Amino acid sequence: MSDLSSTIFYKIIQGELPCYKVYEDEDFFVILDKFPSSLGHCLIMPKTPARNIFDLDEKSAQGLYPLAKRIATAVKSVVGADGVHILQNNEAEADQTVFYFHLHIIPRHKNDGVRLGKPMAGITDDKMEQIAQEIRKGLAK
């Protein structure tokens with residue numbers, strides 16, 4: 001297993017790199033994807049480092065989907081999505097590109113033309129910060 005402390009997600013969780021934080025508790029850290037497939041695309045990461053689902057500790061595994069439901073519900077409401085993809089890749093052969101466990105929450109709209117793995121074009125830093133704030137407010141409800 002590679003050194004997880006050298007991954008971008010570990011560095012984001014440690015506060016070493018900037019992000020658009022949506023949510024944090026003692027076990028998880030949630031951010032907007034810097035290269036979103038759609039507006040509101042979030043990543044849920046455990047604070048206990050794991051390369052992928054095979055290395056995920058039981059506490060993180062048990063807490064993951066209750067949090068995913070909460071994040072997906074808030075994101076869907078905030079961006080007015082018709083549906084939500086929940087996606088997680090394990091190993092390069094399954095399209096994992098960052099080898100630190102992360103679960104994607106990807107809002108979808110009817111006929112949106114979203115193609116997974118292709119970032120949406122033209123999203124500004126201001127728009128990213130605005131949507132992160134709106135999702136945080138949505139989680140507080």
Side-chain angles (χ1 to χ4, degrees), residues 1-110 112-141:
M1 183 184 317
S2 65
D3 181 18
L4 295 174
S5 66
S6 66
T7 65
I8 190 169
F9 293 153
Y10 183 88
K11 290 177 181 180
I12 287 170
I13 292 168
Q14 297 304 311
E16 297 172 19
L17 293 173
C19 69
Y20 297 100
K21 183 168 62 170
V22 169
Y23 175 83
E24 180 178 11
D25 64 23
E26 76 175 44
D27 298 317
F28 293 99
F29 200 88
V30 182
I31 63 172
L32 290 178
D33 192 312
K34 188 173 181 178
F35 304 103
S37 295
S38 65
L39 188 62
H41 180 168
C42 291
L43 303 174
I44 301 174
M45 301 168 288
K47 287 185 175 178
T48 300
R51 177 182 169 91
N52 53 40
I53 198 158
F54 308 112
D55 297 331
L56 195 63
D57 68 288
E58 288 302 312
K59 182 179 180 189
S60 295
Q62 290 174 4
L64 186 62
Y65 266 84
L67 179 58
K69 178 183 178 185
R70 188 170 170 217
I71 298 295
T73 300
V75 168
K76 183 177 183 287
S77 175
V78 165
V79 302
D82 298 311
V84 175
H85 269 297
I86 297 179
L87 175 71
Q88 198 271 317
N89 303 322
N90 297 284
E91 297 299 346
E93 295 75 16
D95 297 326
Q96 184 178 8
T97 57
V98 178
F99 295 92
Y100 187 107
F101 180 95
H102 56 288
L103 184 77
H104 295 260
I105 306 293
I106 306 170
R108 296 300 306 269
H109 298 86
K110 185 176 182 175
D112 62 12
V114 167
R115 289 187 25 224
L116 299 181
K118 182 181 177 191
M120 68 182 292
I123 190 162
T124 65
D125 287 340
D126 287 343
K127 186 64 174 176
M128 291 285 279
E129 185 55 45
Q130 176 193 354
I131 199 70
Q133 287 177 356
E134 289 178 25
I135 294 169
R136 288 192 294 268
K137 287 178 190 172
L139 286 169
K141 293 180 182 177

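Because the structure is predicted, anything quoted here is derived from the model rather than measured.
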Can you tell me how far the NE2 atom of His104 sits from the OG atom of Ser37, to the nearest 0.5 Å? 7.5 Å
I'd like to check Leu64 versus Phe101 (side-chain heavy atoms, cut-off strictly below 4.5 Å). Are they in contact? yes
Just wondering, more than 12 heavy atoms not from Ile8 lying within 6.0 Å of its CD1? no
Which of Gln14, Glu24, Glu26 passes side chain to side chain donor-acceptor pair (under 3.5 Å) with Lys47? Answer is Glu24
Student check: side-chain heavy atoms of Ile135 and Leu32 closer than 4.5 Å: yes
Minimum side-chain heavy-atom gap His109-Val79 below 4.5 Å: yes
Treating Asp82 as the side-chain partner and Lys110 as the backbone partner, does any N or O pair qualify as donor plus acceptor under 3.5 Å? yes
So if I apply the side-chain contact (heavy atoms from CB on, under 4.5 Å) rule between Cys42 and each of Ile31, Val75, Leu103, which one comes out positive? Val75
Tell me yes or no: between the side chains of Ser5 and Asp3, is some donor less than 3.5 Å from an acceptor? yes
May I ask you to test the Glu91-Arg51 pair for a side-chain heavy-atom distance under 4.5 Å? yes
Is it the case that the side chain of Tyr100 and the backbone of Pro46 share a donor-acceptor pair, with hydrogens and angles ignored and the cut-off at 3.5 Å? yes
Under-4.0 Å salt bridge between Glu129 and Arg136: yes
Between Ile131 and Tyr20, is any pair of side-chain heavy atoms under 4.5 Å apart? no
Do Gln130 and Asp126 make a side-chain contact, defined as non-hydrogen atoms from C-beta onward lying under 4.5 Å apart? no
Any chance you could lay out the side-chain contact (heavy atoms from CB on, under 4.5 Å) test for Val30 and Leu67, step after step, and finish with the verdict? CA-CA 10 Å; Val30 182; Leu67 179 58; 4.1 Å; yes
State, yes or no, whether a side-chain contact exists between Gln88 and Ile53 at a heavy-atom distance under 4.5 Å. yes
Counting C-beta onward and ignoring hydrogens, is there a side-chain heavy-atom pair between Thr48 and Asp27 closer than 4.5 Å? no
